[in-house]
Amino acid sequence: MARVRPLSGYPEWTPAERVVESQLIESLRETFRLHGFAEIETRAVEPLDRLAGKSDAAKEIYTLGRLGAEPDAESKVGLHFDLTVPFARYVEEFQHALAFPFKRFQIQKVWRGERPQEGRYREFYQADIDVVGRESLPAHLEVEVAVVMARALAALPVPAATMRVNNRRLVEGFYRGVGIDDVAGALRSVDKLDKIGADGVRAELTGKGVSDTAADAVLELARISARDAGFVEAVEDLWATTPTIDDVDGPQAELREGLAQLVALVEGVNAAVPGTAIADLRIARGLDYYTGSVYETFLAGHEDLGSICSGGRYDSLVAGGGFPGVGMSIGVSRLVSRVIGADLARASRAVPTAVLVAVTDEATRATSNEVADALRARGIATEVAPAAAKFGKQIQYADRRGIPFVWFADSGEVKDIRSGDQVAADAASWEPPAEDARPRIVTD
RNA sequence: GUGGCUAUAGCUCAGGUGGUAGAGCACCUCGUUGUGGUCGAGGGGGUCGCGGGUUCAAGUCCCGUUAGCCACCCCA
C-alpha cells in the first residue's frame with residue numbers, strides 16, 4: 001500500500017473547513033432563492049463532441065471510460081468543465097418543461113485539467129446564475145443578475161467585492177465607428193492590456209490592420225472608468241474628437257445604446273450594494289460570444305486571486321439561436337480557499353454537536369441516551385460520550401471538538417465548558433443559546 | 001504544455017566538507033484514583049518520496065523517476 005499523498009488540484013477540507021465551505025454555499029443558495037432563482041443539478045458528464053465543441057478548452061477536458069472497455073474504444077463522454085455547457089444542453093432538452101424567461105442557479109463541481117496552484121484547481125465548485133429568455137430578453141435582466149451576485153457576495157464573510165463592468169454594444173459600436181472590422185480580434189488584444197501594456201496592445205492592433213488613430217482611440221477608450229454615469233461624458237468627448245467612418249449612424253446608435261445600458265447597470269448595482277460596481281471600459285473578456293454586459297469581480301485586498309465572479313450577456317445559449325441569456329459564475333472553491341487560507345473566517349466548531357452527554361458508567365449509559373434523545377427531540381444536536389472515562393477525559397473530548405456543553409445525567413446538570421458555569425437543567429426544556437445551536441462562521 | 005524550487009516523525013522543520021537519524025508542536029501514560037485547558041515527569045512513533053550508481057560506509061555525492069509548491073499560459 002503506497003503512502004497517501006496529496007493529489008494536486010483536488011482540494012479536500014477538514015471538517016471545520018468544510019463547515020466554512022458549506023455555509024458559504026448555503027448563503028449563496030439563500031440569496032439566489034430570495035431572488036426567485038430555481039435550483040437545478042445536471043449530470044457530471046456530457047457527450048464529448050458537445051463539450052469539445054467550444055474553442056481550445058478541449059485539451060483540459062477529462063474523459064471518462066471503463067477500465068474494462070475495449071483497448072481501442074473511444075471515450076464518448078467527459079466531465080463538464082463549466083456549468084454553462086451542461087445548462088445549454090439542459091435547456092434544449094427540457095425546454096418543453098421550462099417557463100421562460102427561466103431563472104436558474106446551479107452550484108456544482110466542475111473539472112479542468114489545468115496546472116494547479118493557489119486558487120486554481122482541477123476539481124472545484126462553481127455557482128452559476130443565468131436568466132434565459134425565449135427569442136428575447138430585456139436588458140434590465142443584465143442589471144438584475146449583477147445585483148443578485150453583488151448581494152450574494154456582500155452576504156459572505158469576505159472583504160468588499162468590486163464588480164468591473166463593461167458593455168459589448170458600446171465597445172462594438174465604438175470600434176466599428178473608428179473603422180475596425182475585426183472587433184473580436186481587437187477585443188482579444190485589449191484584453192491583454194495588463195500583460196503587454198499599452199504599447200504592446202497598440203502594436204498588436206496595428207499588426208491586425210487597425211489604423212494608428214483608431215488604435216489610439218481604442219486605448220483611450222480603455223482608459224476610461226467611473227463609479228457612476230461620469231464615463232458617458234468621457235466617451236462622448238472621445239467620440240467627438242476621433243475620426244470615424246463615413247456611414248457612422250449604425251455604430252453610433254449601437255454605442256449610445258451600450259452607453260445607456262452600462263449607465264443603468266452601474267447605477268442599478270450601486271443602488272443595491274453601494275460602491276460595488278465600476279464601469280471599466282477596458283474589461284473585454286476573451287470569450288467572443290458575449291454581446292452585451294460583461295462582468296468581472298475582484299475582492300478588495302485579494303486582487304491577486306483574479307476574478308472570483310464573472311460572466312456576461314449572450315445572444316443564444318443554444319446553437320441555432322432563440323435563447324438569449326445573461327449569466328454570472330462564482331468561483332466558489334477559489335473563494336473558499338482564500339477565506340480559509342487567509343483566515344478571513346472560520347467555523348465555531350468542527351462538529352454539529354452542541355451537547356455531549358457524559359456517561360458515568362456503562363451500566364447507566366441508557367440514562368445518558370435518554371437525556372440525549374430528549375434533547376434531540378427538540379432539535380438540539382447531541383452525542384453521548386463514547387466511553388465512561390473520567391469526567392475530565394469526557395470534558396476534554398468535548399473541548400477538542402468545540403462542543404460547548406457537557407451534560408451530567410447523574411446530577412442533572414449542564415456545564416458550559418467555555419465559562420465553566422454548571423447549572424441544574426431539565427432535558428425536556430433546556431435550550432442552548434441560539435448561536436451555539438449549530439456550527440457557525442465566525443470572523444474577527 | 002514551459003520554467004524554477006522542494007521531498008527527513010502525524011504537522012513545521014534541523015541534520016557544514018559522507019561515519020548507522022534529531023527538535024518543537026501534536027498524541028499516549030502518570031503526577032491529579034470521576035470535572036478538562038496550565039505545569040512537571042515519562043512514553044510510542046521514521047522503508048530519510050521511489051529506483052539505480054559511486055564508496056569500506058549515503059539522509060548527505062551523482063543519474064533517473066514520481067509527487068508537491070510557485071511562476072507563465074489560461075481561466076473561477
A.B. asks: Taking only N and O in the side chain of A:S307, is any of them less than 4.0 Å away from OP1 or OP2 of B:C75?
C.D. replies: no

A.B. asks: Among residues 340-370 of chain A, which ones have heavy-atom contacts with RNA chain B below 4.0 Å?
C.D. replies: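 Heavy-atom contacts with RNA chain B come from A:V359, A:T360, A:D361.
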
A.B. asks: Looking at A:E220 and A:R223, is any side-chain nitrogen of the basic one under 4.0 Å from a carboxylate oxygen of the acidic one?
C.D. replies: yes

A.B. asks: Can you give me the N/O atom pairs linking the protein to nucleotides 36-41 of chain B at distances under 3.5 Å, or say none if there are none?
C.D. replies:
unit_1, atom_1, unit_2, atom_2, d
B:G36, O4', A:G392, O, 3.3
B:G36, O2', A:Q396, NE2, 3.4
B:G36, O6, A:I417, O, 2.7
B:G36, N1, A:I417, O, 2.7
B:G36, N2, A:D399, OD1, 2.6
B:G36, N2, A:D399, OD2, 3.1

A.B. asks: Tell me the interatomic distance from A:I61, atom CD1, to B:C74, atom P, rounded to whole angstroms.
C.D. replies: 18 Å

A.B. asks: Base, sugar-phosphate, or nothing: which does A:R112 touch, judged by heavy atoms less than 4.0 Å apart?
C.D. replies: base

A.B. asks: What I want to check is whether an N or O donor and acceptor connect the side chain of A:E114 with the base of B:A76 at under 3.5 Å.
C.D. replies: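 Looking at the base of B:A76, it does pair with a donor or acceptor on the side chain of A:E114 (distance under 3.5 Å).
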
A.B. asks: Report all side-chain donor-acceptor pairs from residues 421-429 of chain A shorter than 3.5 Å, counting only partners two or more places apart or in another chain.
C.D. replies:
unit_1, atom_1, unit_2, atom_2, d
A:D421, OD2, A:S419, OG, 3.2
A:Q422, NE2, A:E413, OE1, 2.8
A:D426, OD1, A:A428, N, 2.9

A.B. asks: Taking side chain to side chain donor-acceptor pair (under 3.5 Å) as the definition, give me every residue that meets it alongside A:R176, ordered by chain and number, with sequence neighbours left out.
C.D. replies: A:E254

A.B. asks: Residues two or more places apart in sequence or in another chain: which of them pass salt bridge (Lys or Arg N to Asp or Glu O under 4.0 Å) with A:R115?
C.D. replies: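 A:R115 satisfies salt bridge (Lys or Arg N to Asp or Glu O under 4.0 Å) with no residue once adjacent residues are dropped.
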
A.B. asks: Within the 4.0 Å heavy-atom criterion, would you say A:F408 contacts the bases, only the backbone, or no part of the nucleic acid?
C.D. replies: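 Base, at least one base atom sits under 4.0 Å.
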
A.B. asks: Among B:C70, B:G68, B:C75, which nucleotide sits nearest the side chain of A:R115?
C.D. replies: B:C70

A.B. asks: What stems show up for RNA chain B when you take Watson-Crick pairs (N1-N3 plus N6-O4 or O6-N4) and G-U wobbles (N1-O2, O6-N3), both under 3.5 Å, and require three or more consecutive pairs?
C.D. replies: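 Detected stem regions: B:1-7 with B:66-72, B:10-13 with B:22-25, B:27-31 with B:39-43, B:49-53 with B:61-65.
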
